[in-house]
J.: 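Dropping the structure in here first, questions after.
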Amino acid sequence: MRIVIGMSGGVDSAVAALLLKQQGHDVVGVFMKNWEEKDEEGVCLAAEDYADVRRVADKIGIPYYSVNFSKLYKEKVFSYFLEEYKCGRTPNPDVLCNNEIKFKAFLELAHTAEAGALATGHYARSEKSADGVRLLRAADKGKDQTYFLAGLTQAQLRDAVFPVGGLLKHDVRNIAREHGLANAEKKDSTGICFIGERQFKSFLMQFLPAQPGDMVTVDGRFVSRHEGLMYYTLGQRKGLGIGGRNDGTGESWFVVGKDLAANRLIVQQGEHDELFSLSLDAKKINWIAGAPAGETFVCTAKFRYRQPDQRVEVRIEGDGAHVRFFEPQRAVTPGQWVVFYQDEVCLGGGPIDSVEPKKPIALLV
RNA sequence: UGGGGUGUAGCCAAGCGGUAAGGCACGGGACUUUGACUCCCGCAUUCGUAGGUUCAAAUCCUGCCACCCCAG
């Protein structure tokens with residue numbers, strides 16, 4: 001079978017390609033360039049990654065190509081990303097990137113190339129049956145990336161394969177080493193997918209100009225100034241620049257809210273009830289295998305990537321859900337995704353619209 | 001202008017004759033395909049300033065400077 005595989009230049013997708021090749025598939029590597037930016041010397045930032053794709057593909061013995069979805073990425077992912085920040089929320093661009101780019105535009109490209117499947121280096125497993133496809137957590141619980149795939153539909157998952165999903169990261173690196181892949185020791189990439197690690201505030205400043213305002217406590221006392229509400233997220237500590245105060249407790253300060261109407265950032269010293277929430281509402285949930293039976297049910301959920309599963313009670317409400325936590329949760333943030341799990345199965349998820357604070361902030365009521 | 005008080009890192013703050021705690025902030029790193037959180041490391045050869053006493057001074061003494069409070 002012909003399989004198109006998205007190759008990033010990293011070990012995971014390299015080993016994924018290798019495994020598929022070993023299984024006898026007609027593997028075609030494709031490097032996606034979705035962000036146009038050059039360094040100080042005018043060299044494309046993605047050039048080095050593409051060079052790794054070339055080295056690996058040659059070693060494995062598969063053809064490789066490059067496609068450029070920059071325009072689409074800007075239209076479908078980045079514009080949404082900026083809009084959300086403008087609204088005071090904290091979006092997760094990578095979930096959307098999977099929905100719109102990797103498993104949509106790229107999947108269409110695979111179909112055009114008459115491929116029977118699309119592969120990626122994601123740490124996730126899928127299980128096909130007569131009822132459809134189920135998305136399962138990766139074998140390596142520390143690397144599981146189903147959180148980012150929770151927005152995918154049956155149609156998208158049906159044609160997707162995740163060759164490294166059943167392996168441990170450690171084994172993936174070993175395989176890469178054994179086969180002399182050039183990127184075997186390459187550091188895992190982080191940061192926004194296709195954009196990479198950035199000084200986040202200054203990166204946003206390039207697109208969203210500063211809008212300074214006051215930083216105030218939950219009871220409205222002035223503390224400091226902020227540079228723009230969109231540069232901060234709930235629960236954030238770093239970057240507030242609030243030093244010692246003779247009326248303080250000596251603890252750190254955290255962002256607990258945003259007063260959009262008055263352009264005030266609400267901060268609090270220490271971690272208190274205002275930072276925690278009891279439930280959330282999500283207006284639009286993608287249930288991978290259809291909405292679970294019953295109006296309400298108990299499962300686990302994550303509110304951010306790499307968070308231990310939390311027990312929740314879900315009540316389906318139209319296309320969305322009301323999600324009650326068994327334990328109060330810290331800094332659940334609108335714009336981020338809530339993703340549901342039933343043991344190994346990723347049920348789906350959706351963007352968080354609002355939360356019910358453990359203790360409301362008077363200024364925002 | 002009298003009287004009192006205080007000056008220790010960017011901020012808060014210990015120290016009260018024996019060779020500069022701690023916290024916050026900040027910087028770096030780890031972790032991490034979002035943003036965060038978290039963790040680790042770093043961060044005053046010097047205590048407003050100029051002298052003096054002492055083996056030894058941020059600590060005691062004196063002058064000066066700055067700020068604060070109370071009088072007026």
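Hydrogens, waters and symmetry mates are skipped; everything else that's a heavy atom, side chains included, is used.
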J.: With a distance cut-off below 6.0 Å to the six-membered ring centre and an angular limit of 45° from the axis, does A:K33 pair with A:F69 as a cation-pi contact?
T.: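 Negative - A:K33 is either too far from the ring of A:F69 or too far off its axis.
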
J.: Need the pair for B:rU53. Rule: Watson-Crick or G-U wobble, both distances under 3.5 Å, any strand; none if unpaired.
T.: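 Matched B:rU53 with nothing under the 3.5 Å cut-off.
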
J.: What nucleotide, of B:rC31, B:rU34, B:rU33, holds the atom closest to the side chain of A:N98?
T.: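 For the A:N98 side chain, the nearest candidate turns out to be B:rU33.
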
J.: In whole angstrom, give me the gap between the P atoms of B:rA13 and B:rU32.
T.: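 Each nucleotide's P atom is 40 Å from the other's.
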
J.: Should B:rU32 form a Watson-Crick or G-U wobble pair with both distances under 3.5 Å, which nucleotide is its partner?
T.: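 Check on B:rU32: unpaired, no WC or wobble geometry under 3.5 Å.
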
J.: With P as the reference atom in both, quote the distance from B:rG22 to B:rG15 in angstrom, rounded to an integer.
T.: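 Each nucleotide's P atom is 14 Å from the other's.
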
J.: Taking syn as a glycosidic torsion within 90° of 0 and anything else as anti, which one is B:rC37?
T.: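 B:rC37: syn.
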
J.: At less than 3.5 Å, do the side-chain atoms of A:S252 and the base atoms of B:rG23 form a donor-acceptor pair?
T.: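 Absent.
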
J.: Could you please name the option among B:rC31, B:rC37, B:rG35 that lies closest to any side-chain atom of A:R304?
T.: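 Per side-chain heavy atoms of A:R304, the pick is B:rG35.
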
J.: So what does A:T249 hit on the nucleic acid, given a heavy-atom distance under 4.0 Å: a base, only sugar-phosphate, or nothing?
T.: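 Since no nucleic acid heavy atom lies under 4.0 Å of A:T249, the category is nothing.
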
J.: Before we go on, tell me: are the rings of A:F78 and A:F207 under 6.0 Å apart, centre to centre?
T.: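 Yes: the rings meet the under 6.0 Å criterion.
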
J.: When you get a sec, tell me which of B:rA36, B:rU34, B:rU38 is the closest nucleotide to the side chain of A:N92?
T.: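 Output: B:rU34.
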
J.: Can a side chain N or O of A:Y305 be found less than 4.0 Å away from OP1 or OP2 on B:rG35?
T.: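 Answer no for this pair, as no side-chain N or O of A:Y305 is under 4.0 Å from OP1 or OP2.
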
J.: What is the distance, rounded to the nearest whole Å, between atom NZ of A:K238 and atom P of B:rG35?
T.: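 Distance check: A:K238 NZ to B:rG35 P gives 16 Å.
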
J.: Has A:K143 got a side-chain N or O lying under 4.0 Å from the OP1 or OP2 atom of B:rU33?
T.: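 For A:K143, the contact criterion (side-chain N or O under 4.0 Å from OP1 or OP2 of B:rU33) is met.
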
J.: Could you pick out which residue, A:L234 or A:Q269, lies toward the 5' side of RNA chain B when each is mapped onto its nearest nucleotide?
T.: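 Its nucleotide being nearer the 5' end, the pick is A:Q269.
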
J.: Relative to A:Y147, does A:R304 satisfy both conditions: NZ or CZ under 6.0 angstrom from the six-membered ring centre, and within 45 degrees of the ring's axis?
T.: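 Verdict for A:Y147: no cation-pi partner in A:R304.
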
J.: Using the C1' atom as the reference point in each nucleotide, state the distance between B:rG23 and B:rU8 in Å, no decimals.
T.: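 Going atom to atom, C1' in each nucleotide, I get 15 Å.
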
J.: Want to settle it: does A:Q199 or A:R245 sit nearer the 5' end of RNA chain B, counting the closest nucleotide to each?
T.: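 By nearest-heavy-atom nucleotide position, the 5'-most residue is A:R245.
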
J.: With rounding to the closest Å, how many angstrom separate the C1' atoms on B:rC41 and B:rC55?
T.: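 38 Å, rounded to whole Å.
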
J.: Scan every strand shown for a Watson-Crick or G-U wobble partner of B:rG27, both distances under 3.5 Å, and answer none if you come up empty.
T.: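 Matched B:rG27 with B:rC41 under the 3.5 Å cut-off.
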
J.: Do any side-chain nitrogens or oxygens of A:R237 fall under 4.0 Å of OP1 or OP2 in B:rU38?
T.: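 Yes, within the criterion.
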
J.: Base, sugar-phosphate alone, or nothing: which one does A:Y232 contact when heavy atoms must sit under 4.0 Å apart?
T.: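 Contact class for A:Y232: none.
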
J.: In Watson-Crick or G-U wobble terms, both distances under 3.5 Å, what is the partner of B:rU59?
T.: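 In the structure as shown, B:rU59 has no Watson-Crick or wobble partner.
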
J.: Taking a pair as Watson-Crick or G-U wobble with both distances under 3.5 Å, which nucleotide is matched to B:rA9?
T.: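 B:rA9 is paired with nothing.
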
J.: Is it the case that one hydrophobic cluster holds both A:I5 and A:I60, taking links as side-chain heavy atoms less than 4.5 Å apart, direct or via other members?
T.: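 Yes.
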
J.: Considering every strand shown, what is the Watson-Crick or G-U wobble mate of B:rU1 when both distances are under 3.5 Å?
T.: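 Its partner is B:rA71.
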
J.: Give a yes/no answer on whether the side chain of A:K187 brings an N or O atom under 4.0 Å of OP1 or OP2 in B:rC31.
T.: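 A:K187 to B:rC31 OP1/OP2: side-chain N or O found under 4.0 Å.
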
J.: Distance between the C1' atoms of B:rC68 and B:rG52, in whole angstroms?
T.: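 Looking at atom C1' only, B:rC68 and B:rG52 are 28 Å apart.
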
J.: What's the verdict on ring pair (Phe, Tyr, Trp, His ring centres under 6.0 Å) for A:Y305 and A:F148, showing C-alpha distance, side-chain angles and the deciding distance?
T.: CA-CA 8 Å; A:Y305 180 54; A:F148 293 105; 4.6 Å; yes

J.: Between A:V30 and A:S66, does a side-chain contact (heavy atoms from CB on, under 4.5 Å) hold up when you go through it step by step?
T.: CA-CA 5 Å; A:V30 176; A:S66 169; over 6 Å; no

J.: Would you indicate what A:Q307 reaches in the nucleic acid, counting non-hydrogen atoms under 4.0 angstrom: base, sugar-phosphate, or nothing?
T.: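 No contact.
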
J.: Centre of A:F326's six-membered ring, under 6.0 Å away, within 45 degrees of the axis: is that where NZ or CZ of A:R311 sits?
T.: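 Yes.
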
J.: Which base, if any, makes a Watson-Crick or G-U wobble pair with B:rC64, both distances under 3.5 Å?
T.: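 For B:rC64, the partner nucleotide comes out as B:rG48, under the 3.5 Å rule.
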
J.: Pick the P atom in B:rC26 and in B:rU49, then give their distance to the nearest Å.
T.: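 Between the two P atoms, the distance is 28 Å.
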
